[in-house]
Chemist: 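Got a structure for you, questions after.
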Amino acid sequence: MTKVMKFGGTSVAHASNINKAIDIVWEAKKKGDDIVVVVSALGGITDDLIKLADLASKGDSKYEIIFKAICGRHDQAIKELIDEKNPRPTPPNCGASQEKALKEISKKYKELGELAKKIFSAKELSLSNLDAVMSFGEQLSSYLIGEGIKSRGISCEFVDSRDIIKTDDNFGSANVDLEKSYKLTSDCFKGKTLSIMGGFIGSTSDGKTTTLSRGGSDYTASLVGAALDASVIEIWTDVDGIMTEDPKKIKDALLIPEITYEKAEEMAYNGAKVIHPKTIRPAVLKNIPIYVKNTFNPTGSGTKISNGKR
Ligand code: ADP
Ligand code: ASP
Ligand code: MG
């Protein structure tokens with residue numbers, strides 16, 4: 001059986017939260033399922049990347065300050081996740097080196113820096129370049145969280161989402177070619193027992209990076225779940241599940257323990273940000289239950305989204 005586990009921005013905002021997410025993955029892995037982990041960018045990074053692109057396109061060199069802060073946050077997370085002073089015993093092919101991870105991720109920083117410089121010189125921001133810039137959030141988070149998993153002695157394979165999620169060129173909210181993407185996804189995960197990939201991003205048939213719209217990592221998780229005929233799709237976030245109202249706005253919002261696909265989709269389209277509206281369809285067609293759960297209260301029951309039949 002395959003389980004897809006998606007962790008949102010707050011759940012992976014920094015090393016201590018990432019460690020909580022890894023604990024959850026490890027607990028699931030021990031039960032014997034194959035696991036695909038889908039991660040968002042570290043909390044706030046997508047907004048920072050948009051700011052960076054915007055400043056660069058206005059010829060404002062302050063974009064460099066944001067660039068440095070983004071690199072600094074990821075470096076810090078690697079340093080805390082891969083603790084060289086406290087190495088864990090690792091089986092062959094597992095384990096991670098802090099030095100190697102910092103060197104590897106710096107190649108991504110270089111790529112982002114060069115793209116930002118190009119935008120700064122051109123003084124214009126195409127939607128295609130904005131997607132390319134935004135995609136670094138998930139490119140960086142998936143790499144570093146994968147290294148964090150490996151540093152615990154757990155073998156984990158990295159998958160570049162752009163190789164399997166194929167879209168049109170509607171930059172900013174690209175439409176997924178389901179047939180192509182499902183085929184590539186099911187081929188890609190054959191024989192893999194634990195893998196990690198970034199949500200939110202894909203690519204066109206001619207290799208241009210695209211994004212699936214803000215909050216779109218939930219949708220990626222659902223696409224991967226449908227492609228793999230997963231037994232369950234789990235959306236790990238920062239609240240106990242789908243509530244009657246946004247709990248950050250309404251104090252006495254109540255947890256909804258079970259909800260139908262239709263009702264959850266309606267709430268999502270009406271603005272319940274806890275789940276991206278496009279998440280529901282792929283799961284409905286394969287009748288895969290989606291659980292929305294809290295990374296900071298993992299034993300909570302969460303919300304089960306299903307067809308409501310038992
Ligand atoms: P993630 O980064 O994990 O994807 P999001 O910020 O996208 O998380 O979504 C979770 C947030 O959705 C919660 O923190 C909450 O404020 C908001 N939210 C809005 N409406 C609801 C609702 N009906 N039930 C639960 N959360 C909601
Ligand atoms: N990182 C992207 C965003 O902030 C996608 C996601 O978090 O689902 O919109
Ligand atoms: Mg979200």
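We count ligands from 1, going down the list as the structure has it; atoms in each ligand are counted the same way.
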Chemist: Quick one: which residue pairs count as a ring pair (Phe, Tyr, Trp, His ring centres under 6.0 Å) with a foot in residues 96-123, not counting sequence neighbours?
Modeler: Tyr63-Phe120
Chemist: Distance-only, no hydrogens or angles: does the Lys29 side chain make a donor-acceptor pair with backbone N or O of Asp33 under 3.5 Å?
Modeler: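 Yes: the side chain of Lys29 pairs with the backbone of Asp33.
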Chemist: Measure the distances from the heavy atoms of His276 to every atom of ligand 1 and state whether one is below 4.0 angstrom.
Modeler: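 So His276 does not count as touching ligand 1.
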Chemist: Identify, by atom number and element, the atoms of ligand 1 in contact range of Met243, meaning under 4.0 Å from any of its heavy atoms.
Modeler: 22 (C), 23 (N), 24 (N), 25 (C)
Chemist: Check ligand 1 against Lys6 and write out every atom of the ligand that is under 4.0 Å from a heavy-atom position of the residue.
Modeler: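 So the answer, numbered in order with elements, is 4 (O).
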Chemist: Do Leu55 and Phe136 land in one hydrophobic cluster if side-chain heavy atoms of ILVMFWY residues count as linked below 4.5 Å?
Modeler: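 Linked within one cluster.
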Chemist: Find out if a path of hydrophobic residues (ILVMFWY) with successive side-chain heavy-atom gaps under 4.5 Å connects Leu140 to Val12.
Modeler: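 Hydrophobic grouping puts Leu140 with Val12.
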Chemist: Name the option, out of Ile250, Asp238, Asp246, Leu254, that contains the heavy atom nearest to atom 13 (C) of ligand 1.
Modeler: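 The residue whose heavy atom sits nearest atom 13 (C) of ligand 1 is Asp238.
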Chemist: Decide whether Thr167 and Thr210 meet the rule of one side-chain donor and one side-chain acceptor closer than 3.5 Å.
Modeler: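 The criterion, which ignores hydrogens and geometry beyond distance, is satisfied for Thr210 and Thr167.
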Chemist: Classify the ring geometry between Trp236 and Phe7 as parallel (under 30°), tilted (30 to 60°) or perpendicular (over 60°).
Modeler: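 Answer is parallel, since the angle falls under 30°.
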Chemist: Flag Thr244 as yes when one of its N or O atoms lies below 3.5 Å from any N or O atom of ligand 1, and as no otherwise.
Modeler: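 Thr244 vs ligand 1: no N/O contact under 3.5 Å.
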Chemist: Can you name the atoms of ligand 1, numbered from 1 with element, that are less than 4.0 Å from a heavy atom of Ala272?
Modeler: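 Within the 4.0 Å cut-off of Ala272, ligand 1 contributes 20 (N), 23 (N).
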Chemist: Around atom 2 (O) of ligand 1, find the nearest protein heavy atom and jot down its residue, atom name and distance.
Modeler: Gly9 N, 3.1 Å
Chemist: Is Asp218 close to ligand 1, meaning an N/O of one under 3.5 Å from an N/O of the other?
Modeler: no
Chemist: Suppose we measure from atom 3 (O) of ligand 1 to each protein heavy atom; which comes out shortest, and what is that distance?
Modeler: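 The closest heavy atom on the protein side is Thr237 OG1, 2.7 Å.
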Chemist: Looking only at N/O atoms, are Lys248 and ligand 1 under 3.5 Å apart anywhere?
Modeler: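 Between Lys248 and ligand 1, an N or O pair is found under 3.5 Å apart.
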Chemist: Between Phe171 and Ser126, is any pair of side-chain heavy atoms under 4.5 Å apart?
Modeler: no
Chemist: Does a side chain donor of either Lys166 or Ser203 reach within less than 3.5 Å of an acceptor in the other side chain?
Modeler: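 Looking only at side-chain atoms, Ser203 and Lys166 do form a donor-acceptor pair, the distance falling under 3.5 Å.
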Chemist: For Val232, what are the other residues in its hydrophobic cluster, where any two members join if their side-chain heavy atoms are less than 4.5 angstrom apart?
Modeler: Tyr291
Chemist: Would you mind running through ligand 1 and noting each atom that sits below 4.0 Å from a heavy atom of Glu245?
Modeler: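 Numbered from 1, ligand 1 contributes 22 (C), 23 (N), 24 (N).
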Chemist: For ligand 1, is Ser11 a contact, meaning one of its heavy atoms is under 4.0 Å away?
Modeler: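 Judged by the 4.0 Å heavy-atom criterion, Ser11 does not count as contacting ligand 1.
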Chemist: Return the set of residues passing side-chain hydrogen bond (donor to acceptor under 3.5 Å, both in side chains) with Thr295 (not counting sequence neighbours), or none when no residue passes.
Modeler: Ser11
Chemist: Once you restrict both partners to nitrogen or oxygen, which atoms of ligand 2 have a protein partner under 3.5 Å, and how far apart are they?
Modeler:
residue	atom	partner	partner atom	Å
ligand 2	1 (N)	Thr46	OG1	2.8
ligand 2	1 (N)	Glu138	OE2	2.6
ligand 2	4 (O)	Thr46	OG1	3.3
ligand 2	4 (O)	Arg214	NH2	3.0
ligand 2	7 (O)	Ser40	OG	3.1
ligand 2	8 (O)	Gly215	O	3.4
ligand 2	8 (O)	Gly216	N	3.4
ligand 2	8 (O)	Ser217	N	3.0
ligand 2	8 (O)	Ser217	OG	3.1
ligand 2	9 (O)	Arg214	NE	2.7
ligand 2	9 (O)	Gly215	N	2.8

Chemist: Side chain, backbone, both or neither: which applies to Met267 and ligand 1 if a contact is any heavy-atom pair less than 4.0 Å apart?
Modeler: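 For Met267, only side-chain atoms sit under 4.0 Å from ligand 1.
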Chemist: Hey, does Ile242 come in under 3.5 Å of ligand 1, counting only N/O atoms on both sides?
Modeler: no
Chemist: Between Lys183 and Glu179, does any NZ, NE, NH1 or NH2 come within less than 4.0 Å of an OD or OE carboxylate oxygen?
Modeler: no
Chemist: Gly241: heavy atom below 4.0 Å from ligand 1, yes or no?
Modeler: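 So Gly241 counts as touching ligand 1.
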Chemist: Using distance alone, with no hydrogens and no angle criterion, decide if Ser222 and His276 have a side-chain donor and acceptor under 3.5 Å apart.
Modeler: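 No, His276 and Ser222 have no side-chain donor paired with an acceptor closer than 3.5 Å.
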